[in-house]
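Here you go, one structure.
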Protein chains: 2
Amino acid sequence: MPLTERFTTLLKNHGLKKTPARLRVLEILTKSSQAIAYSEIEHQMKAVADRVTLYRLLISFEEQGLIHKTFDHQGTAKYALCQANCDIHTHHDEHVHFNCTQCNGTFCLDTVILPAISLPKGYSASSYQFAITGICKNCRG
Amino acid sequence: MPLTERFTTLLKNHGLKKTPARLRVLEILTKSSQAIAYSEIEHQMKAVADRVTLYRLLISFEEQGLIHKTFDHQGTAKYALCQANCDIHTHHDEHVHFNCTQCNGTFCLDTVILPAISLPKGYSASSYQFAITGICKNCRG
DNA sequence: GTTGCAAATGCAACAATATTGCATTTACGT
DNA sequence: ACGTAAATGCAATATTGTTGCATTTGCAAC
Ligand SMILES: [Mn+2]
Ligand SMILES: [Mn+2]
Ligand SMILES: [Zn+2]
Ligand SMILES: [Zn+2]
């Protein structure tokens with residue numbers, strides 16, 4: 001299935017209107033092998049949309065389960081497409097994120113298995129975020 | 001040992017000069033049961049120091065291993081005293097952080113045991129950040 | 001206790017990130 | 001083709017964090 005067609009159904013399935021800005025963001029995120037920062041997305045947008053539109057679009061995408069957001073070791077927000085079938089109610093893509101201190105890249109590690117954690121009494125968990133900081137495979141000599 | 005005296009040795013041991021702003025920050029962090037945000041520290045400082053001084057002071061403290069920094073579920077930086085004997089070279093206090101979605105509190109959970117994680121080939125880890133999001137013990141009905 | 005100097009601070013300016021209100025435009029079901 | 005809710009653009013504002021530089025201060029050596 002061609003990309004544009006996939007994006008069209010994706011947007012429709014999540015109750016979002018098809019607009020040039022949204023298609024462009026989906027394209028950018030699809031072609032990226034990493035989670036990417038707002039500034040990088042804006043850069044690649046090449047003025048397809050206003051900054052505010054981009055922010056609001058990312059919020060919608062996250063709310064509707066098209067993308068997820070993670071903060072890297074420096075606190076920078078990074079966005080990536082959801083792999084699983086996430087929707088407005090639940091994100092199903094809890095996975096490890098790897099942050100490289102050399103290239104500042106953020107990778108979604110879907111293959112790593114998250115071990116169970118037992119919390120102290122009184123706390124109730126709704127989601128987990130596991131991040132690992134180090135050197136990524138691209139940056140190794 | 002009285003607080004001020006403890007702070008004095010703490011600063012000296014880490015090669016930092018004793019100043020009113022630094023003593024105040026140590027006091028604020030000592031008295032807090034949670035990791036707290038820059039804005040909260042600034043608020044409690046009551047104009048003991050300039051904003052820039054506070055930022056620079058926090059950077060020094062972190063570099064020298066007096067405090068550690070974590071990002072909550074909203075990406076807000078939160079600071080807390082190091083429990084272990086951390087220094088300029090290594091932080092020894094890798095523990096789970098709990099972020100409450102109701103009060104926005106961030107708790108250092110020193111008792112929770114971090115399970116081992118095996119990474120895919122090519123990645124090498126230097127540190128881990130495990131955060132749990134949910135409802136804290138104070139916010140439960 | 002005086003001195004010297006690196007460290008720490010204050011102030012101004014700047015940069016990045018993010019949000020809000022409101023008028024205008026657009027997508028899309030009918 | 002039309003009507004309307006959703007999406008966008010623009011201006012203004014807020015928060016967070018950084019940088020350069022002049023001044024002050026802590027503290028070790030004398
Ligand atoms: Mn991810
Ligand atoms: Mn902590
Ligand atoms: Zn890398
Ligand atoms: Zn709470």
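Here is the naming used below: chain letters follow the sequence lines, and residue numbers restart at 1 for every chain. Atom set for the values below is all heavy atoms of this structure, side chains included, hydrogens, waters and symmetry mates excluded.
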How many whole angstroms separate atom CD1 of A:Ile59 from atom C1' of C:dT20? 11 Å

When A:Phe107 is tested against each of A:Asn99, A:Val96, A:Asn138 for side-chain contact (heavy atoms from CB on, under 4.5 Å), which residue passes? A:Asn138

Below 4.0 Å: OP1/OP2 of D:dG17 and any side-chain N or O of B:Tyr55: yes

DNA chain D nearest-nucleotide lookup for B:Lys12 and B:Phe71: closer to the 5′ end is B:Phe71

Output the rounded distance in Å from CD (A:Gln64) to C1' (D:dA6).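 Answer to the nearest Å: 12 Å.
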
Looking at A:Arg140 and B:Ser124, would you say the former's side chain and the latter's main chain have a donor-acceptor pair under 3.5 Å?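 Not confirmed, A:Arg140 side chain does not pair with B:Ser124 backbone.
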
Do A:Arg51 and D:dG9 have a side chain to base donor-acceptor pair shorter than 3.5 Å? no

More 5' along DNA chain D: A:Leu16 or B:Ala77, using each one's nearest nucleotide?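 Result of the comparison: A:Leu16.
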
In whole angstrom, give the distance that lies between atom CG of B:Leu54 and atom C1' of D:dT16. 12 Å

How many Å lie between CG on A:Leu57 and C1' on C:dT26, as a whole number?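 In whole Å, C:dT26 C1' and A:Leu57 CG are 15 Å from each other.
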
Rounded to the nearest 0.5 Å, what separation is found between the CG atom of A:Leu11 and the CG atom of A:Leu23? 6.0 Å

Selected nucleotide, minimal atom distance to A:Arg22 side chain, candidates D:dT19, D:dT8, D:dT16: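 The closest nucleotide is D:dT8.
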
Verify whether one side chain among B:Ser60 and B:Glu62 offers a donor that lies under 3.5 Å from an acceptor in the other. no

Nearest-Å distance for atom pair NZ/P, residues A:Lys17 and D:dT8: 10 Å

So, OP1 or OP2 of C:dA8: does either fall under 4.0 Å of a side-chain N or O from B:Thr19? no

Residue A:Lys18, side-chain atoms from C-beta onward, closest of C:dT19, C:dG10, C:dC28: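 Given the options C:dT19, C:dG10, C:dC28, the side chain of A:Lys18 is closest to C:dC28.
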
Between atom CD1 in A:Ile41 and atom C1' in C:dA16, what is the gap in whole Å? 15 Å

Check the distance between D:dT15's P and B:Asn104's CG and give it to me in whole angstrom.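 Distance check: B:Asn104 CG to D:dT15 P gives 15 Å.
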
Roughly, in whole Å, what's the span from CG in A:Leu11 to C1' in C:dC28?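 Computing the A:Leu11:CG to C:dC28:C1' distance gives 13 Å.
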
May I have the step-by-step check of side-chain contact (heavy atoms from CB on, under 4.5 Å) for B:Leu58 and B:Ile41, ending in yes or no? CA-CA 10 Å; B:Leu58 291 170; B:Ile41 302 176; 4.2 Å; yes

Can you tell me if B:Arg56 touches the phosphate of C:dT9, counting only side-chain N or O atoms and a distance under 4.0 Å to OP1 or OP2?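 Looking at the OP1 and OP2 atoms of C:dT9, neither is under 4.0 Å from any side-chain N or O of B:Arg56.
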
Side chain of B:Asp50 only, please: which of C:dG10, D:dT16, D:dG26 is the nearest?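 Taking heavy atoms from C-beta onward, the closest nucleotide is C:dG10.
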
